[in-house]
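Below is one structure, written out as structure tokens; the observations come after it.
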Protein chains: 4
Amino acid sequence: MTGSAANENASPWLPVEDREKARDQKIEAVQDMALTLFIEQGYHHVTMNEVAERLNVTKPALYNYFRSKEDILYSCWMSGHERLQQRVGAELGEGSGLARLRRLIRIYAETMTTTYGKSLVLLDDRDLDEINRRAILERKRNLDGLFRKLIADGVADGSIRPTDPRMAAFAIAGALNWIGHWHRVDGPMTPEKIAEDFAQRLTAGLERDDG
Amino acid sequence: MTGSAANENASPWLPVEDREKARDQKIEAVQDMALTLFIEQGYHHVTMNEVAERLNVTKPALYNYFRSKEDILYSCWMSGHERLQQRVGAELGEGSGLARLRRLIRIYAETMTTTYGKSLVLLDDRDLDEINRRAILERKRNLDGLFRKLIADGVADGSIRPTDPRMAAFAIAGALNWIGHWHRVDGPMTPEKIAEDFAQRLTAGLERDDG
Amino acid sequence: MTGSAANENASPWLPVEDREKARDQKIEAVQDMALTLFIEQGYHHVTMNEVAERLNVTKPALYNYFRSKEDILYSCWMSGHERLQQRVGAELGEGSGLARLRRLIRIYAETMTTTYGKSLVLLDDRDLDEINRRAILERKRNLDGLFRKLIADGVADGSIRPTDPRMAAFAIAGALNWIGHWHRVDGPMTPEKIAEDFAQRLTAGLERDDG
Amino acid sequence: MTGSAANENASPWLPVEDREKARDQKIEAVQDMALTLFIEQGYHHVTMNEVAERLNVTKPALYNYFRSKEDILYSCWMSGHERLQQRVGAELGEGSGLARLRRLIRIYAETMTTTYGKSLVLLDDRDLDEINRRAILERKRNLDGLFRKLIADGVADGSIRPTDPRMAAFAIAGALNWIGHWHRVDGPMTPEKIAEDFAQRLTAGLERDDG
DNA sequence: GATGAATGAGAATTCATTCAT
DNA sequence: TATGAATGAATTCTCATTCAT
């Protein structure tokens, strides 16, 4: 469920294999491999050569699918964002501000345990050119805005005790983003457990006393 | 109060100045400038040349004070950690687990608004060689351990409601570390205000209901 | 008048067209397109990809008609030379050295206003391998020899005043070759006008005073 | 007399030599060597590596003196132009249009026998970026304008028979530029002889009949 | 201590060319 | 004949680092 997309080491180029795999699959394979490496080692320590070798291809082959290394980076971040947005769009649902905030936290936390989710925090937008960077910063702002809005909504509808939405959003987003740093696939808790724990934990202080 | 260390543009080499400034001051100047740039642009986008130029020196001069670029990076992180540790040692004080946790949060939050504090989160230990990296990872573990301990203490002494110290520590540390990403010197809140807000906010859900 | 060969943008591969076009026509189409691009942008700035794209084909298709990029280059030059030679053979005619020189100039000048004519000066033989290069250099020498011979003939038959044929040939050929650099299809003079002007101009100083 | 600047194979880096040579000399050495190679082999066949090796240095050393390969190219062309302009400025002098035209031809012809002079015709402005290219095209236009002006002046003052200055300038400049292609240092004529020959030859047809 | 000069080791990117289909 | 995919071989340029002075 939590898409371990990037983890298959199965390369579409494995020796004499079926070459009929769609172009899209190759694009995805490149992206997955690159992302995995970016997250493991950091963008600047990953060479195009390494990405290629791990896929049993040579470097120039990658340029059939992406214009540049930076292009891959951008693509990775955007894919991560898209996956998050999709779930948010589908699952945020209705209800009080608090209820929706909890759902957002759950979705966000779960996403943060996937490779693509981690890309949202572990990739550095300063490695992109101005245009791509701006696109990403805007999406980051929107995400932040969503947290603030749900909090403000909650305060308005009485499900959340009065608080500064900006600071509350910072605190929650920080805790969530941090998951990308400490989460390990072989850790003791499933993504769902983590999500459930954080949904409670990060809203415990926000509930009305008389809730 | 906490060092705005990295911000002085005063270079010890400024034109005709007294060249007698102590070696230590120069070391610090290099470190400050490098750190400021690392944080602004990211380690890999900062060249030794740029660090030097900003100090009105030439590149090789830097090698009188640091063995390598990586050495500067390590040094920056360590200085940040030392400053934090110093305050923790001096100010954590006595009291219930909850009380001490709140103090730690305050110290940590304030520190996160300084350039050196940010270095703890914004510098990437993967840019270091194994030895230095391990040294840092250990300190990071210790820091995490401290959070967990205070929480566990609080649970034990009844000041904190029963909770998983590991997850609680992750949530709190995440929220705190995130400050390094969003805080701007010219933002609307002083470091003290942020610290006070977070000390309350991050422990609000931990207090005993009947606290 | 002489082929505006390279200008048709009509590709033999245009969408659903009759694919029965003779192989020779395709060869010519490739050559024309390549030459046009070589002259516009310079050999090294033209990629096989670009040539192919402009013809609505893919790169490897070109290799059905030419062994290599260099092969196209060679072919272009040779075609240009052939066209020139053909006219020279057909139109140089008989008469005094001066009369024949004037005819050569006219032919050469007109040719220089065509894409293929320009190839004689604007393509660089150093981009060819030794074998092809030698073939071209020989033809260039022959061309030069022809100029010198007509001049020497003219001197011998009294139609041209005594002069150094080598230098005279250099001066005339230089002026003519330069046409390839400055001529634009949409310029103010027709090829014929240019040819007529140069035929007079370049021989004005060669006529006997008492001619 | 005319600078054989680029021909010295004396490298300022020759083994253990005097390292005191001025930076300017090194810049010039790089430029000279690069230009020599550009002219011998064509810009695209010359690698930075080759330039460096011939100077007993390594590639990156060149980047201390020029920002890029293109920068060297631009610099070469400009130096050639400057040398020409200097002589033109100093030696064109006064007199009838015809007299001045002859002097220009002499200067131009002599220049064309030097490595730097050849750079004016043998380097391709399309290898430059738009900005540098424009700078060069403007200078080329000015040069052309000078030829036309002197011819027009001559027509006006009666020293030159009525003729189209544009075409006359093309013919003369073409003959002169061609020198850059055929001239060899070990050829049978000295630069001065060539210049004298061309000064007469290229204006022979321009004199008034009754001159 | 400081510098000018140079270098070794990459790293991304390009492109003509080939090959299986 | 045409193509999609891949590759080998450059080539430019960068940068941390060193060294003679």
Side-chain angles (χ1 to χ4, degrees), chain A residues 12-13 16 19-23 26 44-52 55-72, chain B residues 12-13 19-21 23 26 44-52 55-72, chain C residues 12-13 19-21 23 26 44-52 55-72, chain D residues 12-13 16 19-23 26 44-52 55-72:
Chain A
W13 290 275
V16 208
R19 301 242 157 179
E20 297 79 27
K21 284 208 173 186
R23 180 179 175 80
K26 303 227 180 143
H44 292 282
H45 293 129
V46 177
T47 68
M48 290 297 268
N49 231 334
E50 189 178 357
V51 176
L55 290 166
N56 300 319
V57 219
T58 57
K59 205 176 7 172
L62 303 181
Y63 288 86
N64 284 326
Y65 306 104
F66 291 92
R67 265 194 314 280
S68 65
K69 190 185 176 189
E70 191 201 302
D71 191 25
I72 302 182
Chain B
W13 289 274
R19 302 243 157 182
E20 299 77 26
K21 280 206 174 185
R23 179 178 173 80
K26 300 206 181 164
H44 291 282
H45 293 129
V46 177
T47 67
M48 290 297 268
N49 232 333
E50 191 178 356
V51 175
L55 291 166
N56 299 320
V57 219
T58 57
K59 205 170 17 169
L62 303 181
Y63 288 86
N64 287 321
Y65 306 104
F66 292 93
R67 266 194 315 282
S68 65
K69 189 185 177 189
E70 191 202 304
D71 191 25
I72 303 182
Chain C
W13 289 274
R19 301 244 158 182
E20 299 78 25
K21 280 209 175 183
R23 179 179 172 79
K26 300 206 183 165
H44 292 282
H45 293 129
V46 177
T47 68
M48 291 296 268
N49 231 334
E50 190 178 357
V51 176
L55 290 167
N56 300 318
V57 219
T58 57
K59 205 171 15 170
L62 303 181
Y63 288 85
N64 287 322
Y65 306 105
F66 291 93
R67 266 194 315 280
S68 65
K69 190 186 177 189
E70 190 202 303
D71 191 25
I72 304 182
Chain D
W13 291 276
V16 209
R19 300 241 159 181
E20 299 78 27
K21 285 206 175 187
R23 181 178 174 80
K26 303 226 180 146
H44 292 282
H45 293 129
V46 178
T47 69
M48 289 297 267
N49 233 332
E50 190 179 355
V51 176
L55 289 167
N56 300 319
V57 218
T58 57
K59 206 178 5 174
L62 302 182
Y63 289 85
N64 284 325
Y65 306 104
F66 291 93
R67 267 194 313 279
S68 66
K69 189 184 176 190
E70 193 201 301
D71 191 25
I72 303 182

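Just so it is clear: chains get the letters A, B, ... in the order the sequence lines come, proteins before strands, and each one is counted from 1. Computed over heavy atoms, backbone and side chain alike; hydrogens, waters and symmetry mates excluded.
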To the nearest Å, how far apart are C:F66 CZ and F:dA2 P? 13 Å
Secondary structure of DNA chain F per the Watson-Crick/G-U criterion (both distances under 3.5 Å; [ ] crossing, | other strand, . unpaired) is .||||||||||||||||||||
What distance separates C:Y65 OH from C:D71 CG, expressed to the nearest 0.5 Å? 14.5 Å
At less than 4.0 Å, is any side-chain N or O atom of C:N64 found next to OP1 or OP2 of F:dT1? Yes or no. no
Between C1' of E:dT13 and CG of C:N49, the distance in whole Å: 15 Å
Send over the distance from B:D71 CG to F:dT17 C1', rounded to a whole Å. 13 Å
note: B:E70, atom CD; F:dC15, atom C1'; distance rounded to Å ~ 15 Å
With the side chain defined as heavy atoms from C-beta on, A:K26 is closest, among E:dG4, F:dA5, E:dA5, to F:dA5
Provide, to the nearest angstrom, the distance between the CG atom belonging to C:N56 and the C1' atom belonging to F:dT3. 14 Å
With a 4.0 Å limit, can you tell me whether A:R23 has a side-chain N or O closer than that to the phosphate oxygens OP1/OP2 of F:dG4? no
Would you kindly give the CD-to-P distance between B:E50 and F:dA16, to the nearest whole Å? 10 Å
Working to the nearest 0.5 Å, report the span between NE2 of B:H44 and NZ of B:K69. 7.0 Å
Atom pairs, N/O to N/O, protein against nucleotides 9-11 of chain F, distance under 3.5 Å?
none

To the side chain of C:Y65, which of E:dT7, F:dA2, F:dG8 is closest? F:dA2
Would you kindly give the CG-to-C1' distance between B:L62 and E:dT3, to the nearest whole Å? 12 Å
Hits for side-chain contact (heavy atoms from CB on, under 4.5 Å) against A:N64, two or more places apart or cross-chain, chain-then-number order -> none
Quick check on DNA chain F: between B:S68 and D:Y63, whose nearest nucleotide comes earlier from the 5' end? D:Y63
Under the criterion side-chain contact (heavy atoms from CB on, under 4.5 Å), I'd like the reasoning laid out for D:M48 against D:I72: C-alpha separation, chi angles, the key distance, then a yes or no. CA-CA 10 Å; D:M48 289 297 267; D:I72 303 182; 4.0 Å; yes
Test your reading of the model: is there a side-chain donor-acceptor pair from A:K59 to the backbone of A:T47, 3.5 Å cut-off? no
